[in-house]
Amino acid sequence: MHDEVILDILKHLDLKTLYLMNQVNRRFNNLTRDPLLYTSLNMRNICCPTYFYNILCYFTPRCKYLQQLDLTLSNFSFSHFVQFFEDCGRHLTHLRFIECRSVDNNVLFKISEICKNLKELDLTGCLEIGNEGFLCLENLESLEQLKLGNTKIEAQRLCKILQRNKRMRELELDYRLGDCIGYPVDPVAIELRNSCPDLQIINLYEAGYITSKGINALADCKNLRTVNLGGNIIDPDEADVDDSLSRLLSSCQLLEEIYLDCIVLTDRNLKLLAECKNLKYLNLDYVKFVTPDNISIILEQCPKLQAFYLLNHNISPYLIGQWEKSHPHRGMSALIQPVYVCASNRTTMIKLFLITLLCVAVLANLPIDKFNQPGGKIDELTNIMGQSSPLVRRAAQGPPPNGPSNGPPPNGPPMGPKPQQNGFSKSLKESSLG
């Protein structure tokens, strides 16, 4: 078999298998050193810097044409990182550092100095980066995807980065922008309109607050496919918010994913949502509807709709049941997920609270000698609540032998889906190096 055929087969193997193949014989050892086999490298979850360095030493002579590198949740020393990047980082186009605590201002400086062809950069959760580090990103001019979720970047600095990267197609700023709660994101939206005409995905989930000015700016981005305004503080009393949202929905006819919450959806905007013929995912959380009956228009007129998440609403189960009957082909039971506290559960919680207060009051008024007598508290509770009360039975049994169980707190209300992670992860060769 010719070497070209073997190399073509080796391209489809993961890193661990390639490592095993180079031990077969001398011929395979030479073939598995071909740099074209190592254009994508996945080095996630490598916590030991020494182990990380040993892996770098193995891959350095093989990664001459490295293009995609994922160091998510890995830990490394700056000197080892610099040495590897100087040898193998010149051709990098995709770089991912999700929640990597080793990434700081110095690392970003080296990236901006070496990786001039970088198209995707993911710094989600890199909390060690300061203003000086983000300043280095202004030296990059080819970025198309920038993910800065849960970082401390300031709006002014981000706007300067966007001015230098006019081919930006995806920007993710989910969770707080900067250090201040209630950070305005209107300047970012305006800069995206002015500098990034090819913008397709904007994720501002809990990035701060946005007003009609910012929404109008996004409405001018005609190529938008995904808009996530979930968790943003949109002033419900602002008269222009409804008009700006109407303009966004009517102007961006290519929208496929929409995430909104804490707003009032008028009948006009529901109709405009239904006119988004490419709509595939719709997430509405804590949204108040002027006419809930009109929600069905979305199910009737959006032929590509795959998922409709309707969370934390006050729509009656009867109305949802009617939608299930009238649109069985939509699988309504799986698409609409009502989250509310029913009257029976609320009544039960109130009863338990009142019983607890009553027990505290009774025990507080017991005489000292009766309170200290064995079984005194149980007898008093029994007279008040009866033998069949589960509280009485539990008190009579006493604490468990191993002490009380401290389990995890209950989960809060669902926050709705986030946009799917796009980028180079699908093309990375998965390995178990970590």
side-chain hydrogen bond (donor to acceptor under 3.5 Å, both in side chains) between Ser246 and Asn269: does it pass, once the steps are laid out? CA-CA 6 Å; Ser246 299; Asn269 285 334; 2.3 Å; yes

Between [X] and [Y], what is the shortest heavy-atom contact and its length?
X: Ser102; Y: Val107; answer: O-CG2, 3.6 Å
X: Leu108; Y: Phe134; answer: CD1-N, 4.2 Å
X: Ile295; Y: Leu270; answer: N-CD1, 4.2 Å
X: Asn216; Y: Arg247; answer: O-NH1, 2.8 Å
X: Gly89; Y: Cys115; answer: O-SG, 3.7 Å
X: Leu305; Y: Lys280; answer: CD1-O, 3.6 Å

So, Arg44 and Asp70, do they make that salt bridge, N to O below 4.0 Å?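 The answer is yes: the pair qualifies as a salt bridge.
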
Is a side-chain N or O of Tyr38 found less than 3.5 angstrom from the main chain of Thr32, in a donor-acceptor match?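 Confirmed, Tyr38 side chain pairs with Thr32 backbone.
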
Quick one about Thr211 and Asp186 (side-chain donor to acceptor, distance below 3.5 Å, no hydrogens or angles considered), yes or no?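 Their side chains do contain a donor-acceptor pair, which is all the 3.5 Å distance test asks for.
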
Apply salt bridge (Lys or Arg N to Asp or Glu O under 4.0 Å) to residues Glu144 and Arg169 and explain how you reach the verdict. CA-CA 5 Å; Glu144 298 179 7; Arg169 295 185 294 106; 3.3 Å; yes

Students often mix this up, so state it plainly: with edges at 30° and 60°, are the rings of Tyr65 and His91 parallel, tilted or perpendicular?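 Judged by the thresholds at 30° and 60°, the geometry between Tyr65 and His91 is tilted.
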
For the residue pair Arg26 and Phe28, would you count it as a cation-pi contact if the rule is NZ or CZ under 6.0 angstrom from the ring centre and within 45 degrees of the ring axis?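 No cation-pi geometry.
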
Please lay out, stage by stage, how Asp285 and Tyr309 fare under the test side chain to side chain contact (heavy atoms under 4.5 Å, CB included). CA-CA 8 Å; Asp285 193 1; Tyr309 297 93; over 6 Å; no

